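Along the sequence shown, residues are numbered consecutively beginning with 1. These values consider heavy atoms only, across backbone and side chains, with no hydrogens, waters or symmetry-generated copies. As the structure lists them, so they are numbered: ligands from 1, and atoms in each ligand from 1. Treat the numbers as computed from the prediction; the structure is a model and nothing was measured.
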Amino acid sequence: MSAKRTKFIFTTGGVVSSIGKGLASASIGALLEARGLRVTFVKLDPYINVDPGTMSPYQHGEVYVTDDGAETDLDLGHYERFTNARLTRANNLTTGKIYQAVISKERRGEYLGATVQVIPHITDEIKARVREATAGADVAIVEIGGTVGDIESLPFLEAVRQLKLEAGATNAVSVHVTLVPWIGAAGELKTKPTQHSVKEMREIGIQPDVLLCRTDRPLSQSIKEKISLFSNVPTDMVISALDVGCLYELPAALHAERLDDLLCERLNIWSRLPDMAPWQRVVERFTRPSRGTVRVAVVGKYVHLRDSYKSLNEALIHAGIANDCRVDLTFVDSEALESGADEVLRTLGDSDAILVPGGFGERGVEGKISAIRYAREKGIPFFGICLGMQLAVVEFARHVAGIARANSAEFDPQAPSVIDLMPEQRGVRDKGATMRLGAYACVLTPGSVAAEAYGATEISERHRHRYEFNNDYREALTGKGLVLSGTSPDKKLVEMIELGGHPYFVGCQFHPELKSRPMAPHPLFVRFVRAGLERATAVAAKARDERSSQAPSSVVH
Ligand code: GLN
């Protein structure tokens with residue numbers, strides 16, 4: 001493509017929240033990338049927090065961490081999983097971030113003489129940052145969080161209106177994602193919410209170019225015509241975005257609706273047809289695995305909201321695809337495991353593999369430790385991530401190394417702290433963006449399970465934590481068999497642990513789930529699911545043997 005300037009696709013959402021704008025944006029990126037274009041993304045979030053780092057996962061879902069250590073919206077995870085775009089703190093802007101920048105400039109006197117206002121100062125700041133973050137890409141997909149009609153998203157939408165006008169008709173399009181619900185009582189798909197949502201957009205001054213209509217059944221031609229008539233969007237730009245069983249079906253589903261063709265025509269982009277084969281292979285493997293099912297229990301605290309563990313969920317799906325098996329996930333509330341060993345057995349007895357993910361705060365910690373003990377003692381594949389690794393160290397210290405009251409200083413500062421605050425964290429008072437964040441190098445011990453899984457001894461992974469393995473206990477714990485399989489290059493920080501003589505018992509201080517991709521599944525997850533599959537196969541074989549040995553070999557009358 002010859003264009004020197006970045007073209008924009010602005011994604012907005014109407015009618016309801018959680019309508020899938022993030023996945024739609026990621027899928028558009030995937031389709032354009034499959035056509036050979038360089039894509040990037042910006043997510044504009046209208047809340048006043050500077051970043052989502054201090055929000056509860058119940059409020060916001062997962063906090064996605066980028067290589068450069070930004071705590072960002074989980075949609076950036078979708079963007080990175082669906083494309084090769086590598087994102088940074090510049091790719092997620094919030095109202096808080098914009099106002100913070102403008103107010104600092106005002107204090108420095110950069111607007112001397114002026115009354116600082118939403119228009120033009122806030123909108124100019126948004127526009128400048130969007131341009132800066134997207135420079136160099138062929139196409140930038142800019143998603144505006146929230147729902148059209150929210151008071152708080154108005155400055156972002158006004159900035160988008162201006163950017164679109166300044167870019168010119170063939171350099172910017174507006175894609176509006178709406179809902180066309182099926183009303184059972186009437187036996188009809190209803191277009192009114194979409195009509196209202198587009199009306200709202202037009203009042204702000206943005207005429208949508210494409211409508212992506214979320215629906216559970218295809219839109220008929222007459223429905224599309226009706227939507228077109230009321231929304232001033234050509235009929236062929238009214239697209240059915242049908243619900244899909246697996247989110248990796250979405251790029252192919254939108255391609256089948258000619259979305260990428262239409263966008264390229266509208267943006268005057270000449271590019272090759274997309275190669276959809278890799279996506280088709282992913283979906284095929286996901287929908288028809290040939291090697292059975294692995295039951296994975298994820299023992300955590302934020303179990304009632306799947307978005308809290310979004311990347312983890314996806315990384316396990318990727319690992320299932322790599323192993324050609326189905327991964328059947330159960331989220332277990334760790335607090336429920338605190339009533340005793342019977343409950344642990346009742347809840348986890350059927351699991352082929354147990355995972356303890358990252359987390360903060362004391363609630364449910366003892367339940368997680370019980371789950372880890374169960375996995376260690378019964379030889380069930382175990383994977384501990386961040387807090388999960390820290391608690392695996394606590395469990396080992398208590399039950400193998402005999403340090404009965406061992407704990408993490410996060411939960412009991414008086415106890416022997418096998419996990420302690422990092423020295424550079426001691427003076428930290430502010431909560432926002434002050435953890436150990438982003439990508440750090442790690443060196444793996446040759447011959448360890450970790451090194452074997454990665455097929456390398458030097459890796460880089462993303463972190464988000466304040467506490468770490470306490471080096472005062474290195475000797476006591478390694479003396480009892482704990483393997484420190486990964487450290488920082490200067491050997492000062494323990495980044496990975498594992499146990500020998502166990503099918504798979506691995507913990508890591510970083511978050512590997514953030515780097516797993518459907519087409520590049522993460523090696524630690526692939527090895528974990530493989531170990532689970534081996535266990536599932538062995539358990540099934542044993543049950544078969546027992547059944548056949550109980551059956552009478554011959555019947556004598
Ligand atoms: N709460 C722990 C810490 O801050 C673990 C963090 C996490 O699991 N992300 O170190």
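Salt-bridge check for Arg346 with Glu343: passed, with a basic side-chain N closer than 4.0 Å to an acidic carboxylate O. Salt bridge present: Arg426 and Asp420 bring a charged side-chain N and a carboxylate O closer than 4.0 Å.
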Expected rows: ligand 1 N/O, protein N/O, dist below 3.5 Å:
from, atom 1, to, atom 2, distance (Å)
ligand 1, 1 (N), Gly359, O, 3.0
ligand 1, 1 (N), Glu410, OE1, 2.7
ligand 1, 1 (N), Glu410, OE2, 3.2
ligand 1, 4 (O), Arg466, N, 3.0
ligand 1, 8 (O), Gly359, N, 2.9
ligand 1, 8 (O), Gly359, O, 3.4
ligand 1, 8 (O), Leu387, N, 3.0
ligand 1, 9 (N), Arg464, O, 2.9
ligand 1, 9 (N), His511, NE2, 3.2
ligand 1, 10 (O), Gln390, NE2, 3.1
ligand 1, 10 (O), Arg466, N, 3.1
ligand 1, 10 (O), Tyr467, N, 2.9

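Remark: Lys97 NZ to Glu125 CD distance equals 11.5 Å, nearest 0.5 Å. Considering CD1 of Ile385 and CD of Glu513, their distance stands at 4.5 Å, rounded to 0.5 Å.
Remark: Glu452 pairs with Arg527 by the salt bridge (Lys or Arg N to Asp or Glu O under 4.0 Å) rule, at least two apart or across chains.
Among Arg464, Arg462, Glu71, the single residue meeting the side-chain hydrogen bond (donor to acceptor under 3.5 Å, both in side chains) criterion with Tyr64 is Arg462.
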